[in-house]
Amino acid sequence: MVRLFDSFDRPVNYLRISVTDRCNLRCIYCMPLEGISLMAHENILSYEEISTVAQAAADLGIIKVRLTGGEPLVRERLTTLVAMLAQIQGIDDISLTTNAVILERYAGELKNAGLHRVNISLDSLRSNGFHQITRVGNLDDVLRGIEAARQAGLNPVKINTVVMRGINDDEVIDFARLTIENEWHVRFIEYMPFSNGDEKADGLLVPVAEMKASIETLGELTPTLESGGGPAKYFRLPGARGTIGFISPVSEHFCQACNRLRLTADGKLRPCLFSDKEIDLREPLRQGATADDIKRLIQEAASCKPEGHRLKAGITCERFMAQIGG
Ligand code: SAM
Ligand code: SF4
């Protein structure tokens, strides 16, 4: 199998594909209340164009793709894209990151089209807390989405929870407790201080070590063998059916294991989430680039991956998270 490496010899086998910058929520850490200035429809890659990029990436050794956004489920006929990606030889894992607000409607058809699993973002188990964070969301919609994903067999269903001091850090224990009785896989994520977010970055960060210490009041956290190949480290509480993962982009760098490229909805390949360097694929795609041309651009993007980021120092990105694809 062809393998793609960056200039620090890290294998690159994972492509995150943003299908839209639109979203039906306005999470305080991701988007301003009034929304963002949206990409023109004609600037957004068609499913055929995304599929061409994914095929070229698979030829180079990409084996995993994840659909994200914005909120990927607000793009029409997402199931069609999933079915197209499922046809590509070499891609053996297709997943989706979603806020699950409308997942109940689509879980079954996404599974039938070839989606393997979902990560669901959920930052509060309390109706008012959920509404405070998402500004416009309804918790019950998400809970029904989680149940629909489980019933459709989109397993393992992982829950991603961004922990913010003074906002939902008092719920870490509640989320952790849920993994005892339920086969929930909860991953706690450190808040990343994007300085273009609407919320003041200062003081919101809760380091993973602090989350762990509070969860350990429920019992000892034993490391599990599961790695998932990503940045999370997984643990289990005594007798728990589910697992607890921690992702610490700020307090502990995991850049040395970074294996991903990001494709934005408007067709830019982004070598690193935290660097504004981008390589345009849209114009070449629309001007008749061959598969080999696209592969060369993907290789160029891989070779531009920086060694690491300095997130601790705070980060300024030209784009909002929803415009990059988190
Ligand atoms: N709308 C989908 C969702 O929310 O799952 C997919 C896109 S969203 C940008 C992807 C992930 O990025 C979500 O899990 C969200 O919590 C996370 N995210 C966005 N801004 C963040 C920030 N400042 N710090 C940490 N995580 C963030
Ligand atoms: Fe939308 Fe996801 Fe950003 Fe929340 S985190 S505003 S759901 S894109």
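Both ligands and their constituent atoms are indexed starting at 1 by order of listing.
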**Message:** Need the ligand 1 atom indices (1-based, order shown) with element for anything under 4.0 Å from a heavy-atom of Val162.
**Reply:** 16 (O), 25 (C), 26 (N)
**Salt bridge flag under 4.0 Å for residues Lys64 and Asp92** = no
**Item:** For Gly69, atoms of ligand 1 separated by under 4.0 Å from a heavy atom
**Value:** 7 (C), 9 (C)
**Request:** Among all protein heavy atoms, pick the one closest to atom 7 (S) of ligand 2 and tell me residue, atom and distance.
**Result:** Asn99 ND2, 3.3 Å
**Request:** Give the numbers and elements of all ligand 1 atoms closer than 4.0 Å to a heavy atom of Asn99.
**Result:** 2 (C), 3 (C), 5 (O)
**Request:** For Ser121, counting its heavy atoms only, list the atoms of ligand 1 lying under 4.0 Å from any of them.
**Result:** 3 (C), 4 (O), 5 (O), 13 (C), 14 (O)
**Request:** For the pair Phe246 and Tyr234, evaluate ring-ring contact (aromatic ring centres under 6.0 Å, His included) and give the outcome as yes or no after the intermediate values.
**Result:** CA-CA 7 Å; Phe246 297 99; Tyr234 289 97; 9.2 Å; no
**Met192 neighbourhood, listing ligand 1 atoms whose heavy-atom distance to it stays under 4.0 Å** = 22 (C), 23 (N), 24 (N), 25 (C), 26 (N)
**Whether Cys27 has an N, O or S atom under 2.8 Å from atom 4 (Fe) of ligand 2** = yes
**Request:** Output the list of atoms in ligand 1 that are nearer than 4.0 Å to some heavy atom of Glu190, sorted by atom number.
**Result:** 25 (C)
**Salt bridge flag under 4.0 Å for residues Glu210 and Arg165** = yes
**Prompt:** Does Gly70 have a non-hydrogen atom less than 4.0 Å from ligand 1?
**Reply:** yes
**Mode of Thr98 contact toward ligand 1 - side chain, backbone, both, neither (heavy atoms, under 4.0 Å)** = backbone
**Request:** Please determine if Arg144 and Glu147 form a salt bridge, counting it only when a charged side-chain N lies under 4.0 Å from a carboxylate O.
**Result:** no
**Item:** Gly69 touching ligand 2 at heavy-atom level, < 4.0 angstrom
**Value:** no
**Asked** Are Arg150 and Glu183 ion-paired here, with the side-chain N under 4.0 Å from a carboxylate O?
**Response** no
**Item:** Per-atom contacts of ligand 1 with Thr68, taking only distances under 4.0 Å to non-hydrogen atoms
**Value:** 6 (C), 7 (C)
**Nearest protein heavy atom with distance in Å, relative to atom 1 (Fe) of ligand 2** = Cys23 SG, 2.3 Å
**Message:** Between Arg66 and Asp93 (salt bridge meaning N to carboxylate O under 4.0 Å), is one present in this structure?
**Reply:** no
**Prompt:** Are Met39 and Leu263 connected in a single hydrophobic cluster, I mean Ile/Leu/Val/Met/Phe/Trp/Tyr linked by side-chain heavy atoms less than 4.5 Å apart?
**Reply:** no
**Prompt:** For atom 3 (Fe) of ligand 2, which protein heavy atom lies nearest, and how many Å away is it?
**Reply:** Cys30 SG, 2.4 Å
